[in-house]
Visitor: 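One structure follows; several queries about it will come next.
Predicted, not measured: the structure shown is a model, and the values here were computed from it. Both counts, for ligands and for their atoms, begin at 1 and track the order of listing.
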Amino acid sequence: MEQSEMKENAGKAAVDALIRDGVKVGLGTGSTAITVVQYIGLLLAQGKLKNISAVTTSLQTEMECEKWNIPTYSLNSRHIGGSLDVAIDGADQIDSHHFCVKGGGGALLMEKIVAYSSTIFALVVDETKLVEHLGLTFPVAVEVIPSARVSVCKALDRLQGKGVVRLAVRKAGPVITDHGNIILDTLFQQPIYPAVMEEEINCIPGVMENGLFAKKGPHVFVARADGTVEARDYPPQQS
Ligand code: 5RP
């Protein structure tokens, strides 16, 4: 089975399990999260789902919602009031504690705000995203105010991390996030404690947010190459 099919299977399983009429939902970013948007859009168009209110985590997701006529709101709007019933998002890597790294699509800032403002947080991944240790093979994205680029790099060094400016494709220079910042993709030489590192990075002046998600336990939907989807509740079962 292709990875794209696995992504779609994970997305559908999460929607079937968690999305009901009237739900206020946070919608993530990336190719897996977009399958969630598309499936919700389809169910709305077929009349199988009603009164969904969405908060998007990026321009990518907002544009996809427009395509599917999914009503979107600001998290600040009176209708949403700063909190959501459920957020569904993808991830770049996830460990056995359900800690994860996100931000491969550069949308980590709004993704974290939305995830941490939701009663239920769910991740949709294919099995290639499961790892033993975070931060070693897929970089932790650190969103930084552009004028703090060098000072944040130095501070990351002190945390044994090597931050590299993410460069744009089809535009000269760095990726500029939806919020006008740059991203330092940061790999670590040693295994990290995700919950501790998430806080330590965020204490560096100039850092807006980082892509370690260790403080909001997510349910996880893991799609496998054999076509099945495993729903893993939070907290994870000890094996
Ligand atoms: C975007 C993200 C994405 O969820 C993450 O990069 C996974 O993307 P994909 O589903 O395309 O593999 O965090 O900032």
Side-chain angles (χ1 to χ4, degrees), residues 1-15 18 25-40 54-65 75 84 86-95 98-118 121-131 134-135 137-144 164-169 174-187 194 198 201 207-216 218-225 229:
M1 175 174 274
E2 298 284 320
Q3 194 183 18
S4 59
E5 290 174 275
M6 289 194 263
K7 290 181 177 197
E8 209 175 311
N9 285 347
K12 281 187 174 166
V15 172
L18 300 172
V25 61
L27 295 171
T29 297
S31 53
T32 318
I34 287 299
T35 71
V36 170
V37 178
Q38 292 167 343
Y39 188 45
I40 289 176
V55 171
T56 58
T57 52
S58 65
L59 295 174
Q60 180 203 33
T61 312
E62 191 180 309
M63 287 161 68
E64 197 66 23
C65 283
L75 188 60
L84 295 158
V86 47
I88 307 178
D89 205 343
D92 297 302
Q93 288 191 331
I94 176 159
D95 72 10
H98 294 197
F99 298 148
C100 74
V101 162
K102 293 183 42 53
L108 61 143
L109 176 55
M110 201 57 202
E111 287 176 334
K112 191 171 288 187
I113 294 168
V114 162
Y116 285 20
S117 306
S118 298
F121 176 35
L123 289 174
V124 284
V125 294
D126 61 80
E127 61 184 358
T128 65
K129 308 279 183 75
L130 304 176
V131 295
L134 300 175
T137 53
F138 194 98
V140 175
V142 181
E143 181 159 347
V144 172
V164 174
V165 176
R166 188 182 298 181
L167 295 177
V169 178
V175 163
I176 303 297
T177 70
D178 290 354
H179 306 278
N181 299 311
I182 60 167
I183 289 179
L184 297 176
D185 280 320
T186 307
L187 280 174
E198 180 177 355
I201 296 175
V207 169
M208 292 302 296
E209 193 46 84
N210 73 82
L212 284 165
F213 284 55
K215 292 197 221 143
K216 177 90 183 177
H219 302 292
V220 182
F221 293 82
V222 185
R224 303 211 174 265
V229 178

Visitor: Looking at residues at least two apart in the chain, or sitting in another chain, which of them share a salt bridge (Lys or Arg N to Asp or Glu O under 4.0 Å) with Lys112?
Guide: Glu198, Glu209
Visitor: Quick one: do the Thr29 and Gln60 side chains pair a donor with an acceptor below 3.5 Å?
Guide: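 Note: Thr29 and Gln60 side chains miss the donor-acceptor criterion.
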Visitor: Quick check: are there more than 12 heavy atoms from other residues, nucleotides or ligands sitting under 6.0 Å from CE of Met1?
Guide: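 Correct, the count exceeds 12.
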Visitor: Could you list all the salt bridge (Lys or Arg N to Asp or Glu O under 4.0 Å) pairs where at least one residue sits in residues 178-187, not counting sequence neighbours?
Guide: Arg166-Asp185
Visitor: Taking only residues two or more places apart in sequence or in another chain, which ones pass side chain to side chain contact (heavy atoms under 4.5 Å, CB included) with Val131?
Guide: Gln93, Leu134
Visitor: Can you list, by chain and residue number, every protein residue with a non-hydrogen atom closer than 4.0 Å to ligand 1?
Guide: Lys7, Thr29, Gly30, Ser31, Thr32, Asp89, Gly90, Ala91, Asp92, Lys102, Gly103, Gly104, Gly105, Gly106, Ala107, Glu111, Lys129
Visitor: Will you find, in the side chains of Lys7 and Thr35, an N or O donor that is under 3.5 Å from an N or O acceptor?
Guide: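 Distance-only check fails for Lys7 and Thr35.
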